[in-house]
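Chain letters run A, B, ... following the sequence lines, proteins first, then strands; residues in each count from 1.
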Amino acid sequence: MNEIREAVLASELAAQAELPEIVLETPREKVHGDYSTNIAMQLTRIAKQNPRAIAERIVSQIRKERVYVERIEIAGPGFINFYMDKTFLHGVIRQISREGESYGKVDIGAGKKVQVEFVSANPTGSLHLGHARGAAFGDSLCNVLAFAGYDVTREYYINDAGNQILNLAKSIDARYRQALGLEAEMPEDGYYGEDIIGFAKQLVEQDGDKYLSWSEEERLKFFRQYGLEQELAKIKRDLERFRVSFDVWTSETKIYEAGEVEAVLKELTDKGQTYEADGAVWLKTTPYGDDKDRVLVKNDGTYTYLTPDIAYHKNKYERGFDQMINIWGADHHGYIPRVKAAMQALGYSPDKLTVLITQMVSLYQGGEKVKMSKRTGKAVTMEDLMDEVGVDAIRYFFTMRGIDSHLDFDMDLAVSQSNENPVYYVQYAHARICSIYRQAEEQGINPLPVDQIDLGGLTLEAEFELLRKLGELPQEVAEAARLYAPHRLIRYVFELASQFHSYYKAERIITGDAQLTQARLALVGCVRTVLANVLRLIGVSAPERM
RNA sequence: GUCCCAGUAGCUCAGCAGGAUAGAGCAUGCGCCUUCUAAGCGCACGGUCGGGGGUUCGAAUCCCUCCUGGGACGCCA
């Protein structure tokens, strides 16, 4: 790339200052070479010449012997295509063998501190489908960011202070009475999940009807605490099983207890960002682009949800992250402007906070959309899903798509052990390579260290393509991190698996030629490493046998 | 009414800091198991990139506008 830059400058077409960024890409079509640049077309306006003429002048200045280039062609409207001396690709094998689990790491993050807050489901019920998508996406994103050189903190914010927790206590109260065979009506905004019926039964088994004799205040206080502990424990269990672990669990109650909510309210008031109207305290969010101002303190003196949330986000800002990412469900998108506005009102840069929105998930079974109902508690929980389809398939499917699209999750497909199921396709490639290595061992073939292998035998087009693909991992990781798009890696790993399966079908790895066998074992060993590395990033296991 | 997301092959989706003939899986059709795992491989079929304008040497990609589908618009959380 530097060679191109120098050639462009040497051809005196443009001054250094006005030189556009030189992009070297891998063309989709092989006939267009190994690398390609459109720099000549980009220079048309500056150099005031037609692109092909520009391309010719640039090419004449390139010293190709210095960069392993075999030949250069000018094609189409003015693309400059580079055809490499293919043996340079053998270096990929040496690199992967040397770096192993670390292969693919890049350092675009340069150690910057990134905090990612995700899932953060209210501890009032079991995690369900939508949370699973957030968990899969969030965790994969964190893995990718860490692999790209960021210092990542995973955080779960526990909303354990609002009205919803009182409703949880009341719901447990009602279920408790029902479990004792008494008449009891669920509260208006009650929680109807199976989990709560279970808690109530458990309480009856443990302690019988003893809570009936308590005062309502005492009883609800106890149920509240009990419910919170149980729900949170359940959430942690589910997430752990889903292979997601958080570095920090921040409790809303703790934020209250530390006086941060009152403090932030005072700070906003002192800064003249609030006013009183209709008996309530409002925050001026409209100057920062919100539709309307928002209430912080209701006319009954209690806080809205926004107020502690501002305190929480201030808390995050104060912890000194370079970047904060919130992953929210689509139903919270309208909430973004007011939180950002509040941060600006406090004097923080809104650019440090990025909110990523995951669209809804629909579940399909037997070709039918599965209906969910809060009222009856008939939602498919994350636990049900893990029982039925397994963690690998869920994580793969939920990471497979960009978060902007509504996602249809087909249960039948996810459980099917067939060619329709892409999870197995990728895992199978890994297992196959492991099998080849087992086979080699049985035949008494010991894989040699790479520096003792003559890779010159790898001359097939399929082998060069595999090597090229393997070589692309670092830039794929960088792109996935830059775009917050781990699904790109699924695409990548699927394509790699596909190329491997095709190669495996066409050529034997273990051949009569000992030297060639060593070279091919090294090659597929690298494929195995890369498959495992990517699967690890998306939280899917890489089985040795299937 | 305002805001967000989507609209690309029969279906589900990639591609979108502009680039060459728009890709993949599934479905459909036809082939391939005496040799390292057939949860596999090969071939074929399939598209006015929602419509219309604009910017550009070049637009699925950027801008404007319209249409369709989904979601959000509380002194709930």
Checklist line | Charged tip of Arg133(A) within 45° of Phe398(A) ring normal and under 6.0 Å | finding: no

Notebook entry, point to check: Is there a donor N/O on one and an acceptor N/O on the other, under 3.5 Å, for the side chain of Thr304(A) and the base of A77(B)?
Noted result: no

Notebook entry, point to check: Expressed in whole Å, how much space separates the C1' atoms belonging to U68(B) and G51(B)?
Noted result: 11 Å

Next item on the list: Please confirm whether any donor atom in the side chain of Arg488(A) sits under 3.5 Å from an acceptor in the base of A14(B), or the reverse.
Entry: no

Next item on the list: Record whether the side chain of Asn167(A) comes under 3.5 Å of the base of A77(B) through a donor-acceptor pair of N or O atoms.
Entry: no

Next item on the list: Round to a whole Å and report the spacing from CZ of Arg508(A) to C1' of U37(B).
Entry: 12 Å

Next item on the list: May I ask you to verify whether the side chain of His406(A) and the base of G71(B) hold a donor-acceptor pair under 3.5 Å?
Entry: no

Check: With no hydrogens and no angle check, is any side-chain donor or acceptor of Tyr156(A) less than 3.5 Å from a backbone partner on Ala121(A)?
Finding: yes

Notebook entry, point to check: What distance, rounded to whole Å, do you find between the two P atoms, one in C43(B) and one in U35(B)?
Noted result: 22 Å

Margin query: For the C1' atoms, the ones on C64(B) and on A9(B), what distance do you get once it is rounded to whole angstrom?
Written below: 29 Å

Next item on the list: Calculate the interatomic distance between Ile327(A) atom CD1 and C4(B) atom P; express it in whole Å.
Entry: 21 Å

Next item on the list: For C76(B) versus C16(B), give the span between their C1' atoms, rounded off to a whole number of Å.
Entry: 38 Å

Next item on the list: For nucleotides A20(B) and C30(B), find the distance between their P atoms and express it as a whole number of Å.
Entry: 36 Å

Notebook entry, point to check: Which whole number of Å gives the distance between the C1' atom of C62(B) and that of C49(B)?
Noted result: 16 Å

Notebook entry, point to check: With centres under 5.5 Å and planes under 30° as the test, does Phe79(A) stack with A20(B)?
Noted result: yes

Notebook entry, point to check: Looking across every strand, which nucleic acid part, if any, lies under 4.0 Å from Glu441(A) by heavy atom: base, sugar-phosphate, or nothing?
Noted result: nothing

